[in-house]
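First up is the structure itself, then whatever we jot down about it.
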Amino acid sequence: MSDFSTQLASALPQDMGSGPGWVKTLRQGGVQNFRAHGLPTRKDEAWKYTGLGVMGQNGVQLATGFRSQVSGVSNPKPLAESGCQVDMLDGQFLEQIGSPRPGLTVLPLADALHQGVAGLQTLLESLPGPKSGSGSSFGFSALNTATLEPGVVVHVAAGTDAGRLSLTWSTRGDDVPLLFNSRVCLILETGAKLELVEQFESLDDNANGSNIVLQANVEENAVLHHVRFQQESEKAALITRTEVTQQANSEYAYYGFDLGGGLVRHDLHTSLLGSGAKSGINGAYLLDGNRHVDNHARVDHIAPGGFSDQYFRGVAGGSGRAVFNTAVCVHPGADETEARQSNANILLSARAEVDTKPELEIYADEVIASHGATVGQLDELAVFYLRSRGLNEQEARQLLTTAFCQSVSDRLADPVLGGVISQRMMDVMPHAG
Amino acid sequence: MSTMLKITNLHATVAGKEILKGLNLELEAGEIHAIMGPNGAGKSTLGNILAGREGYEVTQGEVMFNGKNLLDLEPEERACEGVFMAFQYPVEIPGVNNTYFLRAALNAQRKYRGEEELDSVGFLRLVREKLEILHIGDELLHRAVNEGFSGGEKKRNEIFQMAVLEPTLAILDETDSGLDIDALKTVAEGVNRLRSKDRGMIVVTHYQRLLDYIVPDKVHVLADGRLVATGGADLALKLEEQGYAWLEDGGIATLNVESAAQTAKP
């Protein structure tokens with residue numbers, strides 16, 4: 001174990017906190033797992049390109065308990081209008097703005113653990129990793145489970161359309177940078193609908209870390225749209241894991257936008273457990289400076305007739321480094337599955353680096369699968385074409401790189417939100433050199 | 001009439017190989033000049049040099065455009081000064097909407113000239129007006145620039161851009177290549193509607209066919225990096241009859257036209 005892991009392990013609380021017995025048992029499992037394995041290292045295949053040294057160097061410490069609230073602190077405005085908004089500060093449920101539509105329940109996790117919410121225990125206990133002896137590659141999840149309490153629970157009742165819920169995440173700088181843990185639980189009953197817009201923006205130029213696990217259970221015919229936009233500070237670390245299980249004919253659509261953050265890692269895993277389920281996994285990442293963004297996306301087709309489409313676009317300038325790993329596994333019996341994977345990248349500078357790896361395993365029949373990964377440069381002829389019409393070189397390059405990433409925001413169902421995100425991407429678009 | 005473009009003793013190399021070997025040309029406002037010649041003569045090189053494409057090195061000579069040394073300007077400055085090249089192979093730009101792109105280009109040019117930028121309403125009005133003049137539909141507007149366009153659509157899009165940007169000097173680089181006769185007519189009609197006393201045009205072509213529809217004021221023959229003959233529109237017909245083989249025989253005189261050297265103005 002690294003010194004950083006040891007330091008985090010020793011900061012874990014001795015008692016298992018409050019709440020029902022099963023919660024304490026979960027925490028206990030997380031503590032044991034983390035003490036045994038610590039955080040992942042480059043020796044773990046899934047973490048080969050992403051080191052955590054920078055967090056140790058920054059002196060990041062485990063945040064325990066509440067910090068006193070500071071008046072006048074407010075989270076950034078949501079990207080787009082929504083009926084209901086929840087502000088998360090330092091991983092804690094700060095406040096809820098607006099009233100949820102009928103059928104939508106939003107609760108701080110701490111309250112939900114005491115009160116009980118239908119399906120919550122099953123969902124929390126189902127998180128793979130810490131219990132299954134998977135070593136240190138799930139170290140962040142173990143740490144998250146060990147400190148299980150801060151977070152939010154969202155429940156959408158059967159057959160109701162909950163509309164849009166905005167979840168804004170911020171952290172405050174302090175004397176020492178802190179690592180915050182938080183858990184998001186989404187339960188969509190049969191035929192329920194929800195659009196979740198997560199937004200991560202630092203309040204100041206801090207070097208905090210966030211370790212957030214999102215679990216979603218999408219029941220039959222339910223539809224979950226999940227937008228995740230992050231523009232964290234250049235020093236901040238954002239480690240997130242998304243675990244989605246989908247029942248028959250459900251739909252999950254993910255749209256991720258990485259515009260900031262110093263060290264960013266997202267593990268996104270969807271399991272298509274019911275037949276005819278659909279998963280659209282889309283993402284764009286823009287890197288500059290010394291930023292590091294690592295996306296690991298995996299889709300498991302377990303039931304027949306499923307559809308998945310993974311579509312990622314990346315632009316790396318400066319000394320930025322992007323890691324992209326996309327895996328699809330079509331399990332025995334998942335016949336007539338259709339799976340697509342596409343990842344294209346543009347390198348704007350000689351120092352930038354992209355490591356992309358598509359993986360595809362098929363153990364079923366009548367499967368349609370395609371995958372492609374490219375890393376290239378801007379088409380210089382296209383740059384000249386735009387310049388020959390009057391755009392200057394910088395405008396031409398910016399237009400081309402933005403268009404490249406905009407193919408992701410164009411996939412959003414709401415063109416207004418797509419336009420806002422597209423503009424934000426254009427504002428931070430890395431330049432050549 | 002005044003001289004708009006004056007090319008003097010232009011020498012240029014591409015990848016170390018000399019392509020233009022002392023080219024002289026003068027174009028007055030309102031004129032259309034055709035430049036014809038065999039493959040490899042340097043026709044496209046001339047267009048690309050005027051537009052400012054990288055990879056073409058001018059080793060000698062100068063190009064004056066409305067009193068400015070064109071070769072000192074960046075490609076976008078040339079565009080803003082009023083130079084437009086219709087590409088032989090228009091570039092596909094996935095993800096960039098045709099209308100958005102053209103408005104950005106027009107506004108960049110207006111800004112350069114100190115004019116107010118057009119808002120989307122004003123721009124759309126202009127676009128409608130130009131589409132009407134060119135007799136073309138608006139189906140290309142909503143698509144990504146040239147992406148998935150047929151050969152004819154790409155060339156029409158070039159002419160449409162030209163109509164909106166209203167250049168002072170337009171260079172049409174083998175605009176007829178790859179077009180069937182109907183597409184050729186549409187493109188030629190568009191060009192004819194954009195003829196004006198203030199606008200000069202250079203039509204680079206391998207075949208005489210395009211000149212049936214766009215009747216030039218002058219026809220130049222470019223061979224081995226130089227203009228070797230200059231004449232009126234009928235010179236194109238003679239070339240069509242006799243091909244370019246006479247060039248190798250040194251047979252300019254037999255064509256019974258003025259040679260370039262004789263017409264060059266002092």
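Numbered from 1 within each chain, the chains take letters A, B, ... in sequence-line order. The figures that follow rest on heavy atoms only: side chains count, while hydrogens, waters and symmetry mates do not.
The two atoms that bring B:A79 and A:G390 nearest to each other are CB-N, 3.5 Å, heavy atoms only. Residues B:A104 and A:L391 share a closest heavy-atom pair of O-CD2, 3.6 Å.
Of the two parts of B:R78, neither the backbone nor the side chain holds a non-hydrogen atom closer than 4.5 Å to a non-hydrogen atom of chain A. For chain A, the nearby part of B:Q161 is the side chain; its heavy atoms alone come within less than 4.5 Å. Both the backbone and the side chain of A:Y385 come within contact range of chain B, each with at least one heavy atom under 4.5 Å from a heavy atom of that chain. Within the 4.5 angstrom heavy-atom criterion, no atom of A:D410 approaches chain B. Using a 4.5 Å cut-off between heavy atoms, B:P167 does not touch chain A at all. For B:N97, no part lies under 4.5 angstrom from a heavy atom of chain A. With a 4.5 angstrom heavy-atom cutoff, B:Y89 does not touch chain A via any of its atoms. If you measure heavy-atom distances from A:S388 to chain B, the contacts under 4.5 Å come from both the backbone and the side chain.
Looking only at side-chain heavy atoms (C-beta outward), A:L399 and B:Y100 come within less than 4.5 Å of each other.
Dense packing is recorded around CZ of B:R195, with more than 12 heavy atoms of other residues, nucleotides or ligands lying under 6.0 Å away. More than 12 heavy atoms of other residues, nucleotides or ligands sit less than 6.0 Å from atom CD of B:E117. For B:E116, the CD atom sits in a loose shell: 12 or fewer heavy atoms of surrounding residues, nucleotides or ligands are nearer than 6.0 Å. Shown here is A:Q377, whose CD atom has no more than 12 heavy atoms of other residues, nucleotides or ligands within 6.0 Å.
Applying side chain to side chain contact (heavy atoms under 4.5 Å, CB included) to B:P75 and the options A:R389, A:E393, A:R387 leaves one that passes, A:R387.
Distance check, rounded to the nearest 0.5 Å: CG of A:L381 to CD of B:E54 gives 11.0 Å.
Applying the salt bridge (charged side-chain N to carboxylate O under 4.0 Å, His left out) test to every pair with at least one member in residues 315-324 of chain A, sequence neighbours left out, gives these pairs: A:R321-A:E353, A:R321-A:D355.
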